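A short worksheet on the structure shown next.
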Amino acid sequence: MNGVEAIRRELNDAQQKAVLNHRGPALVIAGAGSGKTRVLTYRIAYLLSLGIPPARILALTFTNKAAREMKERIATLVSPDLAGRLWMGTFHSVFARILRREAEVLGYPSNYTIYDTIDSRSLVKTIIREFNLDEKIYKPAEVFGRISSAKNNLITPDVYMASGEFRVRDQVTRRPRLGEIYDRYVKRCKHFGAMDFDDLLLQTNLLFRDHPEVLERYRDAFDYVLVDEYQDTNYAQYLIIKKLSEVHRNICVVGDDAQSIYSFRGARIENILNFKNDYADYSIFKLEQNYRSTQTIVNAANSLIKKNRGQISKEVFSKNENGEPIRVVKASDDREEGFIVAAHIADLRFRQQLEHSDFAILYRTNAQSRIFEESLRRMNIPYKVYGSLSFYQRKEIKDLLAYFRITVNPRDDESLKRVINYPMRGIGKTTLDKLNGYAEKLDSHIWDILTHLDQVNLGFNRGTISRLLGFTGMIKSFQQRLHTMEAFDLAYSIASETGIILDLKSDQTPENISRAENVEELLNGIKDFTDNAEREGDLTLGDYLQEVTLMTDADNETEADRNKVAIMTIHSAKGLEFRHLVIAGVEEELFPSGMSVDNPRELEEERRLFYVALTRAEKSVLVTYAAKRYKWGIQHDCSPSRFIREIDARYLDLPADFYPLLPGAGMIPPEKKKIVPDAYRKATGRKLVNMNQASGTPADFAPSDPGLIRVGVKVEHPRFGIGEVHRLEGTDSNMKATVLFPIGTKQLLLKFAKLRIVE
């Protein structure tokens, strides 16, 4: 890369300044779609072009996907060799790498297991049962969430239990033994040689706090620290970054306070807002040109986010086309909302010859996905729900991964208990309880008991002992091959020799065929991992386990997922972009959440969340809300979200009955009477109706003879408007028509439907 020349050719003025001013603390405020990844990439490439050794550059991201894409781009700008030797990756993957090197200082084995959320919750559930506590009060997910929050705020069990504040809070929530659960959970993880995700941050902080010589070594190792999505960092991440950079002070953080939406995970917007307080001599660079969205979308988002008080001032702008207004549609209820959204996608895709992957449906909560899944299925529109059960959380995958784990770390009792009798080998619960109880009595591990069965007397008969020895011998054979076989070869051997593949293929039900295909896909992934390694040398199963445990949903997308409508929460959509977007359920008590409306701080985060949603779109946005919505089986009245009213109405295409809701609104402006789609207005002859017409049949409406209605005919319904007949079913008086209206697909009995043929 011819450094400065390439930068000036490829970047705008603001981006160039953020790249070339590479010394000292720097804060890069990157508005939505402004090319922040591009700036980070070029900044790192520029450092390398100056002769900075790659191993002395630490770059931290929040997703493996972001790190991978940046590294690939850097490789094209400098060289694959230099890019491959960068310390670049997610916070968790980089700190896991450091902890592998330093684990013994903290009392952990270097081959420690990394527990994912499911593993952690399972262990918490076990401990709650050991304490004989009521799981309806001590809900495992909530208890683990409390433990996770404590760790991210660097609160260890001894500090937690000594705190009067936590003691009172736990008494109020009727969970006075939560501190004890936390303490046992930490001790049990350490006993198993395991860390959870939060430990990767907590233990790194403890490492640097308690072992200053180790901190000094890593401070000396990195001359430059770069951090992506700084607004999403929590206290534990903030402190590590601060410690590593406080001597050389060559720290560059990139982010956007307007997109800080993860406080529920411990993210602190103060980290980016107060950067100037930590580094008084800092430089600030603002990337304000949005390359993604139309001018209308950018202006609408700006008008919304200006309502927040706590923010760094900036004026995001776009030089793209003006684009169409953001269309706001009211549905009579949530079911009709699903029809409207599916019909909108089908219609726009057909008219503009688009791909399914050009569309996304975003919503505030996961529970909202059902209605859209049903509506899309009815119209044969393929979709992918993000944030649902991850590939790596499926039972057959967890089973095989558990075998991998005990091969690498036999101290992992949780994984061992999962598979000691899978596939079934006649080792029952009574046998396992005896092994587990004896291991706990000796403060040892089940594996230690299994490998010394000749020295213990647990009353097992010869058959049970034979089966236990068979299992132990099998695991030992895997361990002997751990450092002599490449990851894929050993993984395939484990899948075969344990009997997992045979078990899944022995029953050819659709469910088992799918499970066998999932195992095959996992093995394919391991093969891909070994074939495309960034570093030289054979990769072991232990290397793969670390990689796979730290993967996220965004890293697991397959080719089959790529031409489908994306359905996800707005939180899951952060960092993504789509040509055409639907933001659904934009109602008070839902978005903003009912729990946030009385809390100014939380309400500002909800507004940032809506800002993030808007700025995911490139070409168009459809916003929907329902007049009624089911909650716990009862239909409730709903009102449109305040966030719609907070957007400058110049950038909106609103339902006619929305105008009285706007601040200072009176009559519908004449220029806004165009809000009804032209085709619909011409067909109905009504000036101010829209997709939400009042019910009732006009006096002059004359239905056609049902016997004349055929597939492909255009018809008018007094309530639903103009539609096209897609299907006819039944005979004579029971004839039903499936009709695609602007509000969605309706199935109507012709003798009652009152349809008028319009062409």
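What you see is a predicted model, and the numbers here were worked out from it, not measured in a lab. Note that the numbering runs from 1 along the sequence shown for the chain.
- Here the side chain of Asn12 pairs a donor or acceptor atom with the backbone of Gln15 at under 3.5 angstrom.
- Using modelled atom types, one finds a donor on one side chain and an acceptor on the other under 3.5 Å when comparing Tyr218 with Glu102.
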Please lay out, stage by stage, how Lys306 and Glu315 fare under the test salt bridge (charged side-chain N to carboxylate O under 4.0 Å, His left out).
CA-CA 10 Å; Lys306 280 182 178 177; Glu315 191 62 44; 3.6 Å; yes
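- By the neighbour-count criterion of 12 heavy atoms within 6.0 Å, atom OH of Tyr291 is densely surrounded, having more than that number from other residues, nucleotides or ligands.
- Rounding to the nearest 0.5 angstrom, the gap separating the CD1 atom in Ile272 from the CD atom in Gln311 is 12.0 Å.
- Atom NE2 of His483 and atom CG of Leu490 lie 10.0 Å apart (nearest 0.5 Å).
- Separating the NE2 atom in His92 from the OG1 atom in Thr61 is a distance of 11.5 Å, to the nearest 0.5 Å.
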Under the criterion side-chain contact (heavy atoms from CB on, under 4.5 Å), I'd like the reasoning laid out for Ile261 against Glu606: C-alpha separation, chi angles, the key distance, then a yes or no.
CA-CA 8 Å; Ile261 59 172; Glu606 290 284 301; over 6 Å; no
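- Geometrically, Arg579 does not engage Phe359 in a cation-pi contact, judged by NZ or CZ lying under 6.0 Å from the ring centre and within 45° of the ring axis.
- Between the CG atom of Leu226 and the CG atom of Leu40 there is a distance of 6.0 Å, given to the nearest 0.5 Å.
- Note on ring orientation: taking the six-membered ring where Trp is involved, the planes of Tyr544 and Phe529 are perpendicular (angle over 60°, cut-offs 30° and 60°).
- At least one cation-pi condition fails for Arg56 and Trp87: the charged atom is not both under 6.0 angstrom from the six-membered ring centre and inside a 45 degree cone around its axis.
- With hydrogens and angles ignored, the 3.5 Å screen pairs a side-chain donor or acceptor of Lys307 with a backbone N or O of Ser303.
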Let me see the working for Phe222 and Ile57 under side-chain contact (heavy atoms from CB on, under 4.5 Å), right down to the final yes or no.
CA-CA 6 Å; Phe222 304 123; Ile57 299 172; over 6 Å; no
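- Below 30°, between 30° and 60°, or above 60°: for His571 and Tyr262 the angle between ring planes is between 30° and 60°, a tilted geometry.
- By the 6.0 Å contact criterion, CD on Glu213 is enclosed, its count of non-hydrogen atoms from other residues, nucleotides or ligands being greater than 12.
- Contact of the Met88 side chain with the Ile44 side chain is registered, since non-hydrogen atoms from C-beta on lie closer than 4.5 Å.
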Mind running salt bridge (charged side-chain N to carboxylate O under 4.0 Å, His left out) on Glu577 and Arg616 for me, showing each step along the way?
CA-CA 5 Å; Glu577 56 186 38; Arg616 298 311 91 201; over 6 Å; no
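- In this structure, the side chain of Asp196 does not engage the main chain of Asp116 through any donor-acceptor pair within 3.5 Å.
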Take Lys527 and Asp489, measure what salt bridge (charged side-chain N to carboxylate O under 4.0 Å, His left out) needs, and give me the verdict at the end.
CA-CA 8 Å; Lys527 182 63 174 171; Asp489 296 326; 5.7 Å; no
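- Distance check, rounded to the nearest 0.5 Å: OH of Tyr46 to CG of Leu11 gives 12.0 Å.
- In terms of modelled atom types and a separation under 3.5 Å, the side chain of Ser148 and the main chain of Phe144 share no donor-acceptor contact.
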Check step by step if side-chain contact (heavy atoms from CB on, under 4.5 Å) holds for Ser293 and Lys619.
CA-CA 6 Å; Ser293 308; Lys619 297 292 186 183; over 6 Å; no
Could you walk me through whether Arg601 and Glu270 pass salt bridge (charged side-chain N to carboxylate O under 4.0 Å, His left out), step by step?
CA-CA 12 Å; Arg601 180 185 176 89; Glu270 294 81 9; 2.7 Å; yes
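- With hydrogens and angles ignored, the 3.5 Å screen pairs a side-chain donor or acceptor of Arg38 with a backbone N or O of Glu10.
- Asp232 pairs with exactly one of Arg265, Lys574, Arg268 by the salt bridge (Lys or Arg N to Asp or Glu O under 4.0 Å) rule, that one being Lys574.
- Side chain to side chain, Ser120 and Thr117 fail the donor-acceptor criterion of an N or O pair below 3.5 Å.
- No side-chain donor-acceptor contact under 3.5 Å links Asn299 and Thr296.
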Please walk me through it: do Thr113 and Asn409 pass side-chain hydrogen bond (donor to acceptor under 3.5 Å, both in side chains)?
CA-CA 7 Å; Thr113 297; Asn409 173 22; 3.0 Å; yes
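- Donor-acceptor pairing under 3.5 Å is lacking for the side chains of Asp257 and Gln231.
- Cation-pi contact between Lys384 and Tyr386: present, with separation from the ring centre below 6.0 Å and deviation from the ring axis of at most 45°.
- Taking the six-membered ring for Trp, Tyr224 and His248 have ring centres at least 6.0 Å apart.
- Taking the six-membered ring for Trp and the full ring otherwise, the centers of Phe62 and Phe91 sit less than 6.0 Å from each other.
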Please evaluate residues Leu20 and Ile7 with respect to the criterion side-chain contact (heavy atoms from CB on, under 4.5 Å), reporting the C-alpha separation (whole Å), side-chain torsions for both, the decisive distance (0.1 Å), and the verdict.
CA-CA 8 Å; Leu20 296 174; Ile7 289 166; 3.7 Å; yes
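- For Glu605 and Ser263, the side-chain atoms include at least one donor-acceptor pair closer than 3.5 Å.
- Expressed to the nearest 0.5 Å, how far OG1 of Thr37 lies from CE of Met70 amounts to 6.5 Å.
- Around the CZ atom of Arg217, the shell of radius 6.0 Å holds more than 12 heavy atoms that belong to other residues, nucleotides or ligands.
- A donor-acceptor pair under 3.5 Å is absent between the side-chain atoms of Arg85 and the main chain of Pro54, judged by distance alone.
- Between Arg411 and Tyr112, the side chains place no donor N or O within less than 3.5 Å of an acceptor N or O (distance only, hydrogens not considered).
- In this structure, a donor-acceptor pair under 3.5 Å is absent between the side chains of Ser318 and Asn290.
- Environment of NZ in Lys17: sparse, with no more than 12 heavy atoms of neighbouring residues, nucleotides or ligands closer than 6.0 Å.
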